[in-house]
Every structure is written in structure tokens, then in C-alpha cells.
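Report on one structure; see the data block that follows.
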Amino acid sequence: MGRKMNKPKLFLDIVLGFSLAFLLVEECVCELEICDRRPFDTNTDPLPPDDRFAIEIETITDLYIPLQRYNVRLYSKDNKTTFMGFTIGLREDEAPNELNKRKPRRLDPGRLHPSPDSPGGKARPPCNNTVTQTDITPKTSVNALWIAPRKGSQCVTIYAIVAIKPDVWYTHEGPLSKRVCEDVRDADDILPTQNDNCQVCEEARYQLTFIGMWSYNTHPQMFPKFHEQARFSDVVGASHSKYFSVYKYNSEASAGMKMLAEQGNTTQLEVEIQEKLGNTVRTVIKATAPAKTNLTTVTSFRANKDNHLVSLVTGIMPSPDWFLGVANLELCTETNKRSEWAQTVTLNLYPYDAGTDSGKTFEAPNDETSPPQPISSVALVQDQGKKKAFARVRFDLIRTYPNPSCTTENSVTNEEEIDDGDEEEKEEEENSYEPPPPIESNTTPKTEVTIALDPDSSESCPMTTWEDWPCEGPCEEGKRVGQRFKYRYHIVDGVIVGKYDGTNSGENKEVPRNCLFMETFNIEDCEEECSEETMEDETEASETNEDENE
Ligand SMILES: *[C@@H]1O[C@H](CO)[C@@H](O)[C@H](O)[C@H]1NC(C)=O
Ligand SMILES: *[C@@H]1O[C@H](CO)[C@@H](O)[C@H](O)[C@H]1NC(C)=O
Ligand SMILES: *[C@@H]1O[C@H](CO)[C@@H](O)[C@H](O)[C@H]1NC(C)=O
Ligand SMILES: *[C@@H]1O[C@H](CO)[C@@H](O)[C@H](O)[C@H]1NC(C)=O
């Protein structure tokens with residue numbers, strides 16, 4: 001129900017007027033092209049793009065992760081040539097339509113929004129997923145925020161049209177067009193991109209949850225003969241800088257790693273990490289082994305500007321020299337040239353071979369590998385040919401600590417709250433942190449207008465209450481675990497802005513500049529029961545896609 005965002009029919013006449021002049025861009029005035037509009041309504045022909053302007057999707061080159069947020073940047077390459085107008089838009093892929101061969105199905109391109117962090121763009125009704133200039137001041141770069149579509153949406157083209165003067169503009173080909181396709185790996189199998197220029201001021205505390213997912217029930221062919229012997233060692237690791245590593249894939253294991261992988265003894269590895277404490281290591285992480293291989297263990301640790309990577313390992317027992325681990329997972333994310341601490345990161349763990357023992361089964365007797373081999377993945381018989389994670393790690397940001405002496409590019413230190421004792425011992429006891437408050441708010445709205453006001457918004461920047469969209473994600477075994485978009489809108493002079501509810505009264509209202517920082521959308525994790533049937537018509541595309549893969 002929340003999905004009817006636009007009333008495109010209402011606008012078609014107006015838009016078709018424009019598209020006459022637009023015939024020169026695309027010979028086809030089909031629905032898809034209606035919104036490839038010039039930033040200004042002139043009659044001049046577009047110029048072919050030269051290489052002065054380009055569009056980029058930060059952190060990716062050709063693959064996107066479904067439902068992930070990406071900063072899209074349109075910029076002048078020399079950082080000098082300015083433009084005054086622009087349109088950034090999305091174009092979806094098409095898929096064959098069995099019901100009507102001549103009318104292909106249009107897949108979902110995701111959502112494009114004005115960037116919440118850098119004002120300068122606004123939505124362009126009636127076009128869906130189009131961001132255009134808010135003013136005509138000369139600029140060298142602008143941003144928009146793209147939320148990638150869910151699984152099964154194949155490829156999306158993100159394009160830009162640039163106008164350097166009202167009557168001088170460029171078509172969206174070449175460098176002004178980027179086609180990106182779905183990364184079909186499970187999102188939880190992909191490490192976040194490493195950030196070589198982390199500029200956060202605050203220190204962060206993360207909760208680490210190690211979720212064992214290994215049991216005979218789930219991994220009948222990947223489990224030791226004597227079930228009760230299966231266990232994980234303690235979990236050991238560190239938050240550290242790029243100059244330290246606990247282990248490296250494709251490199252030889254350290255003595256401590258060998259001992260952990262072969263015997264589940266963490267002593268030596270802890271020593272190796274402790275030696276670097278205060279230098280290239282911020283916190284030595286240790287969590288007691290989960291009571292069973294399908295149970296969870298939790299601990300917390302700190303990270304800071306220099307030590308924003310996290311690594312951890314646990315030995316698989318019994319096994320020749322196998323372990324689970326993650327190396328150099330990035331916690332400092334970069335959005336829109338601004339560093340911030342990731343709220344939540346999850347990653348699936350699969351067994352690695354430390355390269356120090358040549359045994360091929362869980363129970364194999366000791367068989368020292370000489371010379372030692374580099375760390376590699378364990379080639380195990382896979383249950384039903386499916387790669388199954390042995391565990392998952394989850395990192396949740398639980399709080400940040402302002403650092404008044406910090407001088408990074410995006411330093412915002414408003415409060416003088418400094419964390420006192422900095423010794424690691426003390427930290428282990430400190431348990432008084434609070435998880436971030438939920439954004440949700442369903443308290444009763446004020447009623448001087450008929451619009452439901454968000455009680456979290458201020459009088460000077462009133463907002464509507466959040467509108468929830470359906471929980472999106474695959475329906476597996478009667479349960480959907482995914483993400484839900486939430487939207488709210490600015491209210492200017494008692495009128496809702498940017499919501500196409502048929503009245504369009506808010507269309508000409510400008511949101512005051514000082515209110516642009518108010519978030520108009522949000523994403524939260526969701527979980528709900530579902531049945532496979534409702535799933536079918538909601539995400540046909542992703543269903544078929546998955547079937548093919550399996
Ligand atoms: C572009 O120029 C502006 C102002 O001259 C400067 O602040 C900015 O750092 C430059 N950006 C790049 C990527 O060179
Ligand atoms: C805009 O999006 C809505 C919902 O996603 C869709 O029903 C509608 O057809 C789209 N309009 C255009 C012009 O693509
Ligand atoms: C863990 O595994 C055991 C043995 O396979 C099983 O009986 C138990 O239900 C599992 N527990 C959880 C929480 O999955
Ligand atoms: C682990 O190894 C150390 C020697 O490095 C030894 O002193 C210690 O007893 C071992 N721990 C266990 C539990 O076997």
C-alpha cells in the first residue's frame with residue numbers, strides 16, 4: 001500500500017510536451033524515456049559528453065549489493081569547470097514477460113534520493129528516482145543517494161544530464177552513464193570496502209556477537225564423527241590499524257595462529273596481539289567460546305581513527321588446522337567523503353586451513369605440513385552442494401566517545417564528555433552503555449493540522465510521521481529477514497512537500513535550507529513471518545533468479 005508513490009498519469013500531458021523536443025535524444029518516446037529530461041527547458045540540441053564531467057558510484061565499480069546505500073557523485077573532473085543544472089536518474093533492466101512477449105517486465109532500479117548530507121539536489125516530480133538542481137549556482141560536484149534494489153533486479157544504469165548554461169547541455173552517454181549489476185553473492189559474504197582515509201573523531205565501542213551456526217543438524221556431512229567433540233575455541237582478535245594483521249589469506253600463519261588452528265589454544269596468539277597493544281592495536285578482543293557450536297558469544301571492544309579494522313579467529317575442534325576468521329574488516333565507512341562508524345556489519349564465516357597440518361578430515365591424526373602452506377579455504381564436502389556458513393559475526397556500534405583534541409576533516413565535537421580510564425581492564429567491566437535509541441516513533445501526533453506530525457521534529461522544521469514500507473527480503477522457511485524503508489516528509493506552511501497524494505499542493509513549496517538536514521527516509525532491519533505464496537507475486541524476479549542459481 002505504501003508503494004503507490006506517484007500518480008504518473010496526471011503529469012503525462014505536461015511531460016509529453018517536453019518530450020517533443022526530446023525526440024532528439026532518444027528516438028523512442030516510450031514511458032521509460034519520459035523522465036530523461038533536460039535540466040532546463042530549452043530547445044537547443046544536447047552536446048555529446050566530453051570527458052570533463054563524470055558520474056561515479058562511490059565504493060563500487062560494477063557490482064552492487066542489494067538494498068545497500070550508495071553515494072552517487074556527479075563531478076567535473078578538473079574540479080574547475082562548473083555546471084549549473086543537472087539531472088541524475090536511474091534506468092532499470094527489462095526481463096522477458098511470459099504473459100505478454102511484446103511488453104517486457106521492467107525490473108526495479110532501487111530508489112534515488114537527494115543526498116541527505118549534501119543539499120543541492122531535490123526530487124523531480126513526476127519522474128520517479130530523479131534528482132535535479134535546487135538552484136543554479138555554479139558547482140563542481142553534486143551527490144545523490146541511491147538505495148540499490150532488492151535481489152533479482154539485475155542491472156541498473158545510473159545516468160546524469162549536465163547543463164553548464166541554460167542552453168548548453170550534454171546527453172547522458174559515456175562517462176555520464178554507469179551500469180552496475182547485482183552482486184549475487186550473499187551480502188553477508190562480502191567484506192566492506194577498506195577505507196584508507198578514515199577521518200572519524202570519535203572513538204567507537206562495538207559489540208561483537210559471534211553466532212555459531214554449526215551443528216550436525218545443519219551440516220550433516222561437515223561435522224565430526226563424534227558429535228559431542230565438536231567445539232570452537234575462544235574467540236581472539238583485535239581492533240587494529242592497517243599496519244597489523246592477525247592473519248592474511250594466502251600468507252603463512254603465525255606461530256600463534258598455528259597453535260589456535262591445531263589445538264584451539266589461544267595463549268600464543270594473544271601474546272602476539274598484546275605485543276602491539278597501543279601501537280597498531282587498540283583492543284585485544286577475547287570472548288569465551290560459545291557453549292555449543294550453534295550458540296552465541298558476545299563481547300565488546302573499542303576502535304578509533306587509526307585502529308578501525310577488526311580481525312578475529314576461532315579454532316575448529318577437532319580438526320587438523322582449521323579455523324574460522326575474519327581479517328581486516330572495515331568499521332569506518334565512507335559516505336559522501338565523510339567518515340563515520342558503521343552501525344551494523346555482519347559477515348558469514350567459512351572454514352580456513354592454516355596450512356600447517358595436512359589432515360583432510362576432522363579426525364585426521366597429526367600430519368605436520370612441511371614446509372607450511374599459505375592460509376587457504378578448506379575444501380569440504382558440501383551438504384547438498386551448498387556453501388554453508390559455520391558461524392556469523394555481527395558488529396553493532398553501541399556508542400561513541402567524543403574526542404575534543406581531534407582535528408580531522410569531519411570533526412564535530414560538541415560535548416566535552418571524555419571517557420576517563422583508558423585501560424583495557426577497566427573497559428571489560430564497563431557495561432553501562434546504551435544501545436542507540438530506535439528512530440521509531442508512534443506517539444500521538446499533535447492535531448492543529450490534519451497532518452500527523454512527527455513528535456521528533458521541531459516547530460521550525462515540522463515533519464510528517466514516518467511511513468513504513470513493507471519488510472523486504474527473501475521469504476525462507478516462513479520467515480522474512482530483511483530491511484524496511486521508512487519515509488517522512490517536510491511540512492511547509494502546513495502542506496506536505498514532495499508526497500504525491502493526488503493533491504500536489506506542496507509541489508511549489510521550498511523546504512527551508514536549515515531544515516534539509518532532517519532525515520526524510522531511513523532503513524531498519526525487520527523480521528516477519530511470511531508465506532511462500534505472498535512472496536511469489538511480490539518478488540517474482542528474485543525468486544526465479546534464485547531458482548536458477550540453485
Ligand atoms: C576542488 O576545489 C575545491 C575548492 O577549490 C577544494 O576545496 C576541493 O578540495 C577540490 N577537490 C578536489 C577533489 O580536488
Ligand atoms: C513510479 O513508481 C511507481 C511505484 O514504484 C510505479 O508504479 C510507477 O509506474 C512509476 N512511474 C513511472 C513514470 O515510472
Ligand atoms: C544446536 O544443535 C543441537 C544438536 O544438533 C540441536 O539439538 C539444537 O536444537 C541446536 N540448537 C539451536 C539453538 O539451534
Ligand atoms: C596453551 O599453551 C601454553 C603454552 O604456549 C600452555 O602453557 C597452556 O597450558 C596451554 N593451554 C591449554 C589450555 O592447553
Side-chain angles (χ1 to χ4, degrees), residues 186 188 207-238 246-247 252-277 281 284-299 312-325 346-351 354-357 359 361-366 368-369 372 380-384 386-394 396 428 474-481 525 527 529:
D186 187 336
D188 284 349
Q207 174 169 294
L208 156 67
T209 312
F210 175 94
I211 306 151
M213 303 197 303
W214 186 43
S215 72
Y216 179 72
N217 290 349
T218 53
H219 297 66
Q221 294 171 58
M222 296 188 274
F223 211 72
K225 267 201 204 87
F226 302 103
H227 300 174
E228 64 287 354
Q229 287 179 1
R231 66 180 182 89
F232 292 127
S233 76
D234 288 345
V235 178
V236 174
V246 172
Y247 73 92
E252 243 178 70
S254 67
M257 277 300 296
K258 173 175 155 75
M259 208 173 209
L260 170 118
E262 292 185 5
Q263 301 163 36
N265 183 329
T266 60
T267 313
Q268 170 99 25
L269 184 63
E270 285 170 52
V271 171
E272 285 172 14
I273 300 171
Q274 249 148 27
E275 278 168 3
K276 304 289 182 199
L277 194 60
V281 166
V284 182
I285 300 173
K286 181 155 184 189
T288 49
K292 283 196 173 140
T293 52
N294 57 358
L295 296 178
T296 292
T297 181
V298 176
T299 185
L312 43 96
V313 288
T314 181
I316 298 174
M317 306 289 114
S319 80
D321 61 343
W322 299 341
F323 68 97
L324 299 179
T346 53
L347 190 77
N348 288 331
L349 305 184
Y350 302 89
T356 57
D357 185 302
T361 62
F362 288 103
E363 300 80 12
N366 265 351
E368 184 94 3
T369 308
L380 278 173
V381 181
Q382 307 209 325
D383 285 313
Q384 295 131 24
K386 221 176 160 185
K387 202 175 159 200
K388 270 192 191 159
F390 275 43
R392 178 178 296 158
V393 281
R394 178 177 169 126
D396 289 291
E428 298 310 318
C475 181
E476 276 164 5
E477 291 162 12
K479 201 162 158 198
R480 187 191 319 281
V481 179
D525 292 342
E527 211 180 289
E529 288 178 1

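Just follow the structure's listing: the first ligand is 1, and inside any ligand the first atom is 1.
Ligand 4 places these atoms under 4.0 Å from at least one heavy atom of Thr267: 1 (C). Close contacts between ligand 4 and Met259 involve ligand atoms 2 (O), 5 (O) [criterion: under 4.0 Å to a heavy atom].
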Please tabulate, one line per pair, the protein N or O atoms found under 3.5 Å from any N or O atom of ligand 3, giving the distance to one decimal.
from: ligand 3; atom 1: 2 (O); to: Asn294; atom 2: ND2; distance (Å): 2.3
from: ligand 3; atom 1: 5 (O); to: Asn217; atom 2: ND2; distance (Å): 3.4
from: ligand 3; atom 1: 11 (N); to: Asn294; atom 2: ND2; distance (Å): 2.9
from: ligand 3; atom 1: 14 (O); to: Asn294; atom 2: ND2; distance (Å): 3.3

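Remark: side-chain polar atoms of Tyr247 are not paired, donor with acceptor, to backbone N or O of Val313 under 3.5 angstrom.
Using a 3.5 Å distance cut-off with no hydrogens or angles, the side chains of Ser215 and Asn217 do not pair a donor with an acceptor.
Smallest separation of non-hydrogen atoms from Asp321 and Glu262: CB-CG, 3.8 Å.
The side-chain heavy atoms of Val246 and Leu312, taken from C-beta on, include no pair separated by under 4.5 Å. For the pair Asp234 and Lys286, the minimum side-chain heavy-atom distance is below 4.5 Å.
Within a 6.0 Å radius of CD in Glu529, other residues, nucleotides and ligands contribute 12 heavy atoms or fewer.
Between Gln268 and ligand 4, not a single N/O pair is under 3.5 Å apart.
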N/O donor to acceptor pairs below 3.5 angstrom from side-chain atoms of residues 287-296, sequence neighbours left out:
from: Thr293; atom 1: OG1; to: Trp214; atom 2: O; distance (Å): 2.6

